[in-house]
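To find a chain, count down the sequence lines: A is the first, B the second, and so on, and within it residues start at 1.
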Amino acid sequence: MTDTAPRSLVQDGLAFERPLRELELKIKELRNLATGTHLELSDEIHALEDRLRKQTVEVYAQLSPWERVHVARHADRPLTSDYVQMMLDDFVELHGDRVFGDDRAILTGLATMQGQRFLLVGHRKGKTVKDRLACNFGCAHPEGYRKALQKMRLAEKLKLPIVTFINTPGAYPGIGAEERGQASAIAKSILEMFDLKVPVVCIVIGEGGSGGALGIGIGDRVGMLENSYYSVISPEGCAAILWKSGEKAPEAADALKLTSKDLLRFGLVDKVIEEPVGGAHRDQRATVDRVKAQVLEWLAELSTLPTATLLEQRYEKFRRMGMPLGS
Amino acid sequence: MAWTRFAKKKDMPGGLWIKCESCGAMLFRKEFEQKNRVCGTCGYHFTLPGRERIALTADHGTFVEMWTDLQPVDRLCFNDKVLYSEKLKATQAKTGETEAMIAGTANIKGIPCVLGVMNFAFLGGSMGMVVGEKIARCIEHATEKGLPVVLFACSGGARMHEGAISLMQMAKTCGALAMQNRKGGISISVMTHPTTGGVTASFASACDLLIAEPGALIGFAGPRVIATTIKKELPKGFQRAEFLLEKGQIDRIVPRSQMKDELARLLAYATGRDPVAAYKPQAVAAEPVIEVPPLPLSEEEPEPKSKPKRKKGKQG
């Protein structure tokens, strides 16, 4: 975390973080002063920490949907690569779709976590500028979805369950992507995920951007981190179309009902995984641990189901979503 | 998703004459409608209203509409200056349809099937809970009765007003196809102008056979979104049916005039019938004599174009 919020972030909708950051900075200064001068400041520090905690809880309880979208996109929020590093005991990355290329926007590999083996599939955003460019900011091309599907079929053969981490602004809109069948790659991945004869657990860890998210989002259990979002279109895109102005993105974010609580309310996800106070970016370790515990719990639960039941229930689950009147 | 963009074009000018969106030719409305909304000059296929599509595809009197009681619910209380629930009521009143999907059973040249047609006039054919539900029911009904299913796509994508609920209709429709595949059922998707967004990225691309009408815009992202993202001009013919055929994304391009015959042929293969018997080219009817009124003399009168913008409908 940087000591002061960069201006761009504040303008982007993270303004609510400013008083918290100021407090954090003050505590840090006091600590430095205490160690540098051997002054007894622990009472003051405790009081400030208390205030920070209370204020953080308060601020985060009242975030608008648009502000949550910014928390979901926060630069310090744990990414798929962080989960790989912090959560797994072993990881063997597998590359390539066997047809066209290796899309770095989707990471696939064999993983072990507390003795549980599985296939991990996750959108990859990258940390450094170079990485982020290589990963196309988490926007996958068709080869990404084809790679994911090819590895998921492998997992099925190896009788390994599948865990997917969703974190994408959306599938990439570009000439090459259209030429190579972006729509059909996503459609095929969605369809075939209904057919995988092994348990599938999906977690939205940040951005659940439309079809690009759903492309690896068909699971027996779907969880969402508290401050992640899942939407049919980005608030910016929706604002541009319906409000004819990208500046109306906060209104669009509100209208789209894209927060984890909304999704749970509509029965579109199974569970909201609570984040540490002040968001996942304040405590990566605790966030990763919570996700890890949820994944292990669900995998254990699903491992007891016969394959036929598993597939039937997977279809039934999505079949019930959005029932119209008169049905 | 970007259906509002196309929606503006749907209202054709009243009156006797219509200007072709592609070549600019003035078309006599009566003749144009008799040609099932295909431009007589350049072969451009206009978006066909859902009911006209059914009349053109199903054998006369065989279409039995189903699931007409399904009504959308505004679960999000979506409000973009106008309440979604109000918008629905107004659209229902204007179109006389309850939703953007017309579905039921029909015969196509004597072959029974389940037929689903998206209606672009209803909020740009966008897919919300009713459209998703009807498609899933089409596929399930077909599976249950051992019938093939034919789905005509014509949509700007998922319906924003239903948020993630409409996104999940992509899952619902694909899930139904997965179930049908397991039972060995056959599905045919016909993509017509325009088919984009969440509809292309779900059932429309996931059927066994993929057909497109000439010149239809078919893609995942809308051309405007792509142009803004890459900040470049898009190549000529990008995302048109002919482009998709060349890139290996679809099986066939079939002009509207031959669609019924072609579907019957494919359905014959799909259901163990004789395609030669099913495919009897209709005798060419004598050209009806149409009285053409004089062109309007207003400023709308088009200047004769030396070269048309696009050539369409060359595919036979």
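In this structure, Arg75(B) and Arg265(A) approach most closely via the heavy-atom pair NH2-O, 4.0 Å. Considering every non-hydrogen atom in both Lys81(B) and Leu242(A), the closest pair reads NZ-O, 4.1 Å. Closest of all the heavy-atom pairs between Pro173(A) and Ile230(B) is O-CG2, 4.3 Å. Pairing each heavy atom of Gly322(A) with each of Ile165(B), the nearest pair is CA-CG2, 3.6 Å.
Within the 4.5 Å cutoff, the side chain of Met129(B) has heavy atoms near those of the Pro324(A) side chain. Taking the side chain as every heavy atom from C-beta outward, Tyr172(A) and Ile226(B) never approach each other to under 4.5 Å. Side-chain contact between Leu167(B) and Ser210(A): present, with at least one pair of heavy atoms (C-beta onward) separated by less than 4.5 Å. Inter-residue side-chain proximity for Phe194(A) and Leu177(B) is flagged as unmet; no heavy-atom pair is nearer than 4.5 Å. You'll find the side chain of Arg319(A) reaches within 4.5 Å of the side chain of Glu140(B), heavy atoms only. At least one side-chain heavy atom of Arg182(B) sits under 4.5 Å from a side-chain heavy atom of Asp195(A).
Annotation: Lys145(B), atom NZ; neighbour count of heavy atoms from other residues, nucleotides and ligands within 6.0 Å does not exceed 12. Around atom NZ of Lys317(A), more than 12 heavy atoms belonging to other residues, nucleotides or ligands sit under 6.0 Å away. Heavy atoms of other residues, nucleotides or ligands lying less than 6.0 angstrom from CD of Glu312(A) number 12 at most.
Here Lys247(B) contributes atom NZ and Arg180(A) contributes atom CZ; the two are 10.0 Å apart, rounded to the nearest 0.5 Å.
Contact count against chain A (heavy-atom pairs under 4.5 Å) is highest for Asp80(B) among Thr200(B), Asn79(B), Asp80(B), Asp69(B). Between chain B and the options Tyr230(A), Phe266(A), Trp243(A), Phe318(A), the largest number of non-hydrogen pairs under 4.5 Å is found for Phe266(A). Comparing Ala171(B), Ala164(B), Ala178(B) by how many heavy-atom pairs each has under 4.5 Å with chain A, the most go to Ala171(B). Contacts with chain A were tallied for Leu70(B), Leu210(B), Asn181(B); Leu70(B) has the most, counting heavy-atom pairs under 4.5 Å. Ranking Ala201(B), Ser205(B), Gly128(B) against chain A, the residue ahead of the rest is Ala201(B), based on heavy-atom pairs under 4.5 Å.
A distance-only check finds a donor-acceptor pair linking the side chain of Glu178(A) to the backbone of Ala221(B) [under 3.5 Å]. Side chain of Gln249(B) to backbone of Glu179(A): a donor-acceptor contact under 3.5 angstrom is found. Under a 3.5 Å cut-off, the side chain of Lys172(B) and the backbone N or O of Arg320(A) do not form any donor-acceptor pair.
With a 4.5 Å cut-off on non-hydrogen atoms, Val73(B) touches chain A through its side chain but not through its backbone. Residue Arg314(A): no heavy atom, backbone or side chain, is found under 4.5 Å from chain B. For Glu246(B), no part sits under 4.5 Å from any heavy atom of chain A, backbone or side chain. No part of Met193(A) comes within reach of chain B, as not one of its non-hydrogen atoms sits under 4.5 angstrom from that chain. For Leu263(A), the part lying near chain B is the side chain, with the backbone staying farther off; criterion is any non-hydrogen pair under 4.5 Å. Proximity to chain B (any heavy atom under 4.5 Å) is shown, for Ala240(A), by neither the backbone nor the side chain. The part of Phe243(B) that comes within reach of chain A is its side chain, from C-beta onward, which places non-hydrogen atoms under 4.5 angstrom from that chain. Contacts between Ile218(A) and chain B at a heavy-atom distance below 4.5 Å involve the side chain alone, from C-beta outward. Of the atoms belonging to Met170(B), heavy atoms from both backbone and side chain fall under 4.5 Å from chain A. Only the backbone of Ser231(A) comes within contact range of chain B, with at least one heavy atom under 4.5 Å from a heavy atom of that chain.
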